[in-house]
There are 2 protein chains.
Amino acid sequence: MVKVKKEAGAEQRILEAAKKVFMQKGLAGARMQDIADEAGINKAMLHYYFRSKDKLFEVIFKEAASNLFPKMVAIISEDISLFDKIRKFTKEYLEIVIENPYLPLFVLNEINKQPVNFHAKMFGAKPPDFSLLVKQIDSEVKKGIIKPISPVHLVMNMMSMCVFPFISKPMLQIVMHMDDLQFRYLMEQRKTEIANFIIDSIKK
Amino acid sequence: MVKVKKEAGAEQRILEAAKKVFMQKGLAGARMQDIADEAGINKAMLHYYFRSKDKLFEVIFKEAASNLFPKMVAIISEDISLFDKIRKFTKEYLEIVIENPYLPLFVLNEINKQPVNFHAKMFGAKPPDFSLLVKQIDSEVKKGIIKPISPVHLVMNMMSMCVFPFISKPMLQIVMHMDDLQFRYLMEQRKTEIANFIIDSIKK
DNA sequence: GTCTATAACTCGATAGAC
DNA sequence: GTCTATCGAGTTATAGAC
């Protein structure tokens, strides 16, 4: 692969290379040699900077998770109207995932493989909590502002529509006859499409 | 002369064990020893019945994909109204995935890691084609039966809401404070919830 | 800090007895 | 068909020169 940032420090280059390779191949599928090649650096250096493959993976995984979750939680915790929250969440979340298209599958996939104690590794001390959003939806239903809908289903629907297209991109491209450019264009559209779709469904 | 079989033939036991292990750990993460242990059989037998790890994986993967895709295609090709199609697709697809909750992540994950020629392996000769459904939606929009919406986004939304909750189950359970029973109950509800949500959004 | 060489180990695959 | 023993390729990790 072509390297651009030769002036970046070795440690930084390793981190970038490791992120790329782990995201594409997962923990088990990635090779230390792949990462070294990608970083344009000797394989022994990986062990010099990060003791082992597992340690290196842990750093990458933690950073990935810390990119995904806190921002989501920040948005749903804001004190704005439900419709605005839906618009903001879907737009900003799409922006994150467009920039890091491998992130969701990587995180979800490794979570499913972790045996037990991934909570701490993944979220740090405090896992995200969507109770606030669920309560807000519940409140708006009861006030009669939106149609009756189960808050949990609504949250699931919103997250699903944001994330799933990226996870299933190769399959979608086949069954929908799309190339990369068309896919990218559609994802840009979804920054507003998803919110419109949701709001059309729940507004009175 | 018909021989008396063991309670399950070795080949069958291997297939079941391989399915379980590959689904949990993926191709790269699974070990032949894991599969042998799971099947209660010697490691050498795996090679006797299926030449190599790759061949064994291919059998499992093909069977998994053939569970997922043809059924989807059959439903979207039926000659019924769009609303009925949405109701039928979401309901029957949910039923498949409830029975095989690991299937979507397994298939999607391996598709993303395959280098090139996964088309043939995955779909057999002919990949599924959603053009028919896209055309039907387009037609109903133009006739003014449903609100104007991009057919591709609508199809993405429908598939996302069906599949994503199963892929993200561990994460959802954490952020939404759900146990397995609650999750199962919600998925049962989604057999009708998703169609209602979609139809509420696009009906005039 | 960086590199070469290689040790230590894991794992898929095979040989050969029964 | 099934098992034990082992080989050989590929990988992580380390030793040691510079």
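Heavy-atom basis, side chains included; hydrogens, waters and symmetry copies ignored. Within every chain, numbering begins at 1; the chains are lettered A, B, ... in the order of the sequence lines, protein sequences first and strands thereafter. None of the values given here were measured: they were computed from a predicted structure.
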In whole angstrom, what separates B:Met45's CE from C:dG16's C1'? 15 Å
When rounded to whole Å, the CZ to P distance for the pair B:Arg13 and D:dG1 reads 13 Å
Name the nucleic acid region contacted by B:Tyr49, choosing base, sugar-phosphate or nothing; use a 4.0 angstrom heavy-atom cut-off, strictly under. sugar-phosphate
Is it the case that over 12 heavy atoms from other parts of the model lie below 6.0 angstrom from the NZ atom of A:Lys147? yes
Within a reach of under 6.0 Å around OH of A:Tyr102, are more than 12 heavy atoms found that belong to other residues, nucleotides or ligands? no
Contact class for B:Met32 vs. all strands (heavy atom < 4.0 Å): base, sugar-phosphate, or nothing? sugar-phosphate
Below 4.0 Å: OP1/OP2 of C:dC3 and any side-chain N or O of A:Tyr48: no
Whole-Å distance, B:Asp37 CG to C:dG12 C1', equals 15 Å
On the nucleotide C:dT14, are OP1 or OP2 found under 4.0 Å from the side-chain N or O atoms that B:His47 carries? no
Using atom CG of B:Leu56 as one end and atom C1' of C:dC11 as the other, report the distance to the nearest whole Å. 15 Å
By the 4.0 Å heavy-atom rule, please label B:Ala30 as base, sugar-phosphate, or nothing. sugar-phosphate
Would you mind reading off the distance between B:Asn42 atom CG and C:dA17 atom C1', rounded to a whole angstrom? 13 Å
Measure CG/A:Asp34 against P/D:dG10 and give the value in whole Å, please. 14 Å
Figure out the CD/P separation between B:Gln33 and D:dC3, and round it to whole Å. 12 Å
Roughly, in whole Å, what's the span from CZ in B:Phe50 to C1' in C:dA13? 16 Å
Which nucleotide in the list C:dG12, C:dC3, D:dT4 gets nearest to the side chain of B:Lys53? C:dG12
Between B:Lys43 and B:Gly40, whichever has its closest DNA chain D nucleotide further toward 5' is B:Gly40
Would the number of heavy atoms belonging to other residues, nucleotides or ligands and lying under 6.0 Å from CG of B:Asp79 be above 12? no
5′-ward residue of the pair A:Arg51/A:Arg31 relative to DNA chain D: A:Arg31
Less than 6.0 Å separating the ring centroids of A:Phe106 and A:Phe22? no
B:Lys71 versus B:Asn67, side-chain donor and acceptor atoms under 3.5 Å: no
